[in-house]
Amino acid sequence: VQTSARNNFIGTVSNVTMSQISAEVRLSIGEQFDIVSSVTRESVETLGLTNGVRALAFIKASSIIIGTDCGTARMSARNILHGKIVHLQSEAVGAEVGLELPSGHRIAATITTESMQRLKLTLGQDACAIFKASSVLLGTLD
């Protein structure tokens with residue numbers, strides 16, 4: 001599967017919570033972490049997303065917020081993935097941050113150079129990738 005989204009994860013649907021219009025889908029990515037997606041009920045039905053189904057999660061790098069000291073932070077975003085910074089690249093306005101998660105998966109975020117400098121991001125530093133469930137697009141492998 002090819003996509004313009006920088007972050008692609010393959011997993012297994014572990015839970016689906018349906019309402020009249022929307023649905024929350026939890027995708028288990030290995031044993032280390034889950035990704036939560038908020039999609040329409042119609043999407044769940046069309047894609048056949050039920051427990052045990054293999055699915056894909058796509059998250060644009062620009063939808064990801066990078067944070068530090070996230071251990072006790074409380075926020076509304078459903079997805080907070082902890083890892084270590086393994087890639088930093090900046091230019092005049094924008095920067096790219098790559099995190100490696102304990103599972104070995106990597107996630108990329110694009111932020112402003114000003115934010116990278118304000119957070120004093122460095123290689124090897126603990127950080128977290130934060131994104132809303134509504135930022136996660138789902139697909140199936142069929």
Side-chain angles (χ1 to χ4, degrees), residues 1-91 93-116 118-142:
V1 174
Q2 292 185 337
T3 175
S4 63
R6 293 286 312 277
N7 301 293
N8 307 298
F9 298 96
I10 298 174
T12 303
V13 174
S14 60
N15 189 53
V16 178
T17 304
M18 302 280 270
S19 67
Q20 288 185 335
I21 297 170
S22 62
E24 181 180 279
V25 178
R26 183 172 295 275
L27 194 63
S28 178
I29 312 296
E31 295 181 16
Q32 297 289 328
F33 68 97
D34 291 345
I35 291 177
V36 178
S37 177
S38 177
V39 295
T40 63
R41 180 184 186 102
E42 180 182 3
S43 292
V44 169
E45 292 169 350
T46 301
L47 293 171
L49 297 172
T50 58
N51 288 358
V53 169
R54 302 250 314 143
L56 302 163
F58 305 101
I59 308 110
K60 289 181 64 168
S62 58
S63 297
I64 297 174
I65 295 168
I66 295 294
T68 57
D69 303 320
C70 301
T72 59
R74 297 175 73 184
M75 59 191 77
S76 64
R78 297 296 310 273
N79 297 287
I80 304 171
L81 305 178
H82 299 268
K84 288 202 179 295
I85 297 174
V86 294
H87 173 77
L88 282 174
Q89 183 176 357
S90 67
E91 51 188 28
V93 176
E96 183 177 87
V97 181
L99 286 177
E100 185 170 303
L101 308 175
S103 63
H105 291 88
R106 290 191 176 196
I107 191 162
T110 53
I111 63 174
T112 64
T113 300
E114 180 182 335
S115 292
M116 185 184 85
R118 183 173 34 81
L119 291 170
K120 299 178 181 162
L121 299 180
T122 59
L123 290 174
Q125 179 180 6
D126 289 333
C128 56
I130 304 160
F131 51 98
K132 294 175 66 170
S134 58
S135 297
V136 180
L137 300 177
L138 296 176
T140 54
L141 297 167
D142 293 340

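Just so you know, residue 1 is the first one in the sequence shown, and it goes up from there. Any value given below was found using the heavy atoms of this structure, including those in side chains, with hydrogens, waters and symmetry copies removed. Just so it is clear, the model here is predicted, and its values are computed rather than measured.
When side chains are defined from C-beta on, R6 counts as touching E96, because their heavy atoms get closer than 4.5 Å. Between N8 and L56, the closest side-chain pair of non-hydrogen atoms is not below 4.5 Å. With a 4.5 Å cut-off on side-chain heavy atoms, L81 and L99 do not count as touching. At least one side-chain heavy atom of V97 sits under 4.5 Å from a side-chain heavy atom of L88. The closest side-chain heavy-atom distance from V39 to V44 is below 4.5 Å.
By the neighbour-count criterion of 12 heavy atoms within 6.0 Å, atom CD of E45 is densely surrounded, having more than that number from other residues, nucleotides or ligands. In E114, the CD atom is not crowded: 12 or fewer heavy atoms of neighbouring residues, nucleotides or ligands sit closer than 6.0 Å.
A donor-acceptor pair under 3.5 Å links the side-chain atoms of T113 to the main chain of V93, judged by distance alone. When atom types are taken as modelled, the side chain of N15 and the backbone of R26 share no donor-acceptor pair closer than 3.5 angstrom. Formation of a donor-acceptor pair under 3.5 Å by the N79 side chain with backbone atoms of V36 is found in this model. Judged purely by atom type and a 3.5 angstrom limit, R41 uses its side chain to pair as donor or acceptor with the backbone of S19.
Taking all atoms of both residues into account, the shortest heavy-atom contact from T50 to V13 is O-CB, 3.4 Å. Looking at every heavy atom in both residues, S28 comes nearest to D34 through CA-OD1, 3.3 Å. R106 and N7 get closest at one heavy-atom pair: O-OD1, 4.3 Å. Closest approach of F58 and G139 over heavy atoms only: CE1-N, 4.2 Å. Closest approach of I66 to L119, counting heavy atoms only: O-CD1, 3.7 Å. Minimum heavy-atom separation, L27 to L138: CD2-CD2, 4.4 Å.
Using a 30° and 60° split on the angle between ring planes, F9 and H105 fall in the tilted class, from 30° to 60°.
Atom CD1 of I29 and atom CD1 of I107 lie 10.0 Å apart (nearest 0.5 Å). If you take CG on L141 and CD1 on I10, they are separated by 5.5 Å, rounding to the nearest 0.5 Å. We find the CD-OG1 distance between Q20 and T40 to be 14.0 Å, quoted to the nearest 0.5 Å.
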Output a table of donor-acceptor pairs, distance under 3.5 Å, between side-chain atoms of residues 120-132 and any protein atom two or more places apart or on a different chain; print 'none' if there are none.
unit_1, atom_1, unit_2, atom_2, d
Q125, OE1, T122, N, 2.8
D126, OD1, K84, NZ, 2.6

